[in-house]
Amino acid sequence: MQEKIIVTGGCGYIGSHTVITLINHNYEVVILDDLSNSNVQILDRIEKITGVRPHFEQVDLKSSEATQAVFKTHKDAKAVIHFAAHKAVAESIQNPLMYYQNNLFSLINTLKAQQDNGINHLIFSSSATVYGNPSTMPITEDAPTQRSFSPYGNTKKIAEEILEDFTNSQSEISVISLRYFNPIGAHESGQIGEFPTGIPNNLMPYITQTAAGVREKLMVFGNDYPTKDGTPIRDYIHVVDLADAHLKALQRLLDPSSTQPLEVFNLGTGKGYSVLEMIKAFEAVSGSPLNYEITERRPGDVPEMFASTALAKQVLNWEATRGLQEMIQSSWTWEQNLRNEL
Ligand code: NAD
Ligand code: UDP
């Protein structure tokens, strides 16, 4: 067994896939999650897939007392991967304080508890949303960050500023912040995947739910953008590729020869697909036409986002290996399995 790693938000979509990768590489995993957007049954599925049941503590990281107590119990951990956050853009516009409170207090409490317990490495879940509406493609990590359209996006920008100030202030704790582009897909077992509560905000779960008959039709938010077919372009990345990138980032942080206090990496494939291309690719996978309609633009959407992947490749020795067909097929298999279970 290798080092003990604390994974906050480890019951969620990206966290659960990362926990599987960590267990498969013999790390001892402790999940901290308040189950506000996940289900404890994920532990059974992780155990079924890996043969190991991760240790689980139900804890709300907004509470500094609860965070301190649980970190004290696990002060032998070597690193933290901090996924815990609320992530629904529309909800954050309705309820900004809930987002600033949850996403920023959780981060601050985690950093303080790490400091107090000598746990000196952190991987943070950031987002490409910190780039706002960038002027050049592909987006490199040195592109300026911008105030986000949504309070959710802004929590990521502020969190990165907190991490910068924090790592500047002392030399003990080193941090890698990973800016995810558009995570989709599911584990190859078909046992775990994204399970949005309520109406999905994101394109992929909206597509699969429409095909499964849960939603009547997909609304395509605008076809008058300055792109090849008028619909916005995004860099979709397989969640298992993301999980692999967390492993590489962890290995880098734990390598005694690493000396950088704070590093930032894009996690994308470097390829952009439009909404209409995603629909066509889905139709090819499912073998059936998807019911969709072009409607108004969604406020805050930008025309085009895709990552420069050079830095992650050079420094982390990581690049995405799973293509669009595999991403979509795994999302669709997961959706169908889910509907059979419900
Ligand atoms: P998710 O909602 O599936 O997982 C987040 C987990 O954190 C959930 O299990 C939830 O119960 C838990 N959580 C939330 N607040 C908590 C708190 N106060 N204390 C303890 N646990 C708490 O989300 P995800 O898609 O897996 O995203 C993981 C991280 O990646 C988040 O920080 C998110 O902002 C970031 N991110 C996600 C995407 C995406 O499209 N999914 C894109 C960019 C960044
Ligand atoms: N999108 C859409 N209909 C939906 C959801 C999303 O047309 O029901 C579009 C959206 O306008 C964007 C792309 O799909 O161009 C990806 O949206 P998502 O919310 O998944 O990711 P993000 O906006 O964070 O890039």
Side-chain angles (χ1 to χ4, degrees), residues 1-10 14-15 17-32 71 74-84 106-108 110-128 130 139-143 145 156-157 159-181 237 240-268 270 307-321:
M1 190 63 88
Q2 294 205 44
E3 292 93 343
K4 185 192 265 195
I5 309 298
I6 292 175
V7 181
T8 78
I14 305 170
H17 287 82
T18 303
V19 166
I20 288 172
T21 300
L22 294 177
I23 292 174
N24 285 341
H25 286 79
N26 291 320
Y27 287 97
E28 182 185 349
V29 174
V30 176
I31 295 178
L32 310 183
F71 271 72
H74 296 288
K75 63 189 309 172
D76 54 332
K78 291 287 174 277
V80 178
I81 307 183
H82 184 56
F83 292 105
S106 300
L107 173 65
I108 292 165
T110 296
L111 287 171
K112 182 78 175 76
Q114 284 191 244
Q115 199 173 36
D116 291 350
N117 291 286
I119 305 173
N120 286 339
H121 306 290
L122 174 73
I123 296 173
F124 176 70
S125 294
S126 188
S127 166
V130 298
I139 308 168
T140 50
E141 286 82 350
D142 57 3
T145 60
K156 296 297 178 189
K157 181 174 182 290
E160 286 204 1
E161 289 166 357
I162 291 172
L163 291 172
E164 202 176 328
D165 290 343
F166 181 72
T167 50
N168 275 337
S169 73
Q170 49 82 54
S171 58
E172 294 297 311
I173 297 184
S174 57
V175 176
I176 289 182
S177 181
L178 298 174
R179 293 175 177 163
Y180 313 155
F181 278 66
I237 174 156
V240 178
D241 276 326
L242 271 194
D244 291 344
H246 288 75
L247 174 69
K248 296 281 188 171
L250 180 66
Q251 288 167 341
R252 179 167 173 82
L253 284 174
L254 295 178
D255 179 347
S257 67
S258 297
T259 54
Q260 296 294 324
L262 174 63
E263 292 179 294
V264 175
F265 298 100
N266 288 339
L267 297 183
S308 164
T309 58
L311 191 67
K313 190 172 178 186
Q314 184 202 326
V315 178
L316 297 179
N317 188 28
W318 170 87
E319 63 183 326
T321 59

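Along the sequence shown, residues are numbered consecutively beginning with 1. Predicted model only: the values in this text are computed from it and were never measured.
A heavy-atom distance below 4.5 Å is found between the side chains of Leu122 and Leu107. At a threshold of 4.5 Å between non-hydrogen side-chain atoms, the residues Trp318 and Leu267 count as touching. Between Leu254 and Tyr27, the closest side-chain pair of non-hydrogen atoms falls below 4.5 Å. A heavy-atom distance below 4.5 Å is found between the side chains of Asp244 and Thr21. With a 4.5 Å cut-off on side-chain heavy atoms, Lys156 and Val130 count as touching. Looking at Leu22 and Leu247, their side chains come closer than 4.5 Å, going by heavy atoms from C-beta outward.
In this structure, Ser258 contributes its side chain and Arg252 its backbone to a donor-acceptor pair below 3.5 Å. Looking only at distances, no side-chain donor or acceptor of Thr167 sits under 3.5 Å from a matching main-chain atom of Pro261. At distances below 3.5 Å, not a single donor-acceptor pair connects side-chain atoms of Glu172 with backbone N or O atoms of Gly118. Judged by distance alone, with hydrogens and angles left aside, the side-chain atoms of Ser126 form no donor-acceptor pair with the main-chain N or O of Leu178 at under 3.5 Å. Put simply, the side chain of Asp255 never gets that close to the backbone of Gln251: no donor and acceptor are under 3.5 Å apart.
Residues His25 and Gln2 approach most closely at O-NE2, 3.2 Å, considering heavy atoms. Taking both residues in full, the closest heavy atoms of Ser174 and His121 are given as OG-ND1, 2.9 Å, listed atom of the first, atom of the second, then distance. Shown here for Ala249 and Ile123, the closest heavy-atom pair between the two residues is CB-CD1, 3.8 Å. Between Thr140 and Ser308 the shortest heavy-atom distance is CG2-CB, 3.6 Å. Smallest separation of non-hydrogen atoms from Ile139 and Ala143: CG2-CB, 4.0 Å.
With rounding to the nearest 0.5 Å, the separation of CD in Glu319 from OG1 in Thr309 is 6.5 Å. Note that the NZ atom of Lys248 and the CG atom of Leu253 stand 14.0 Å from one another [nearest 0.5 Å]. One finds the CG atom of Leu163 at 12.0 Å from the CD1 atom of Ile176 (value rounded to the nearest 0.5 Å). Note that the CG atom of Leu316 and the NZ atom of Lys313 stand 13.0 Å from one another [nearest 0.5 Å]. In this structure, NZ on Lys78 lies 10.5 Å from CD on Glu28, to the nearest 0.5 angstrom. Taken from CG in Leu111 to CG in Asp116, the straight-line distance is 11.0 Å, to the nearest 0.5 Å.
For the side-chain contact (heavy atoms from CB on, under 4.5 Å) with Ile119, the lone residue among Ile5, Thr110, Ile6 that qualifies is Ile6.
In this structure, Tyr180 has its ring center closer than 6.0 angstrom to the ring center of His246.
There is a side-chain donor-acceptor pair under 3.5 Å between Thr321 and Asp241.
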(request) For side-chain contact (heavy atoms from CB on, under 4.5 Å), just list the numbers for Leu242 and His17, CA-CA rounded to whole Å, side-chain angles, deciding distance to a tenth of an Å, and then say yes or no. (result) CA-CA 9 Å; Leu242 271 194; His17 287 82; over 6 Å; no
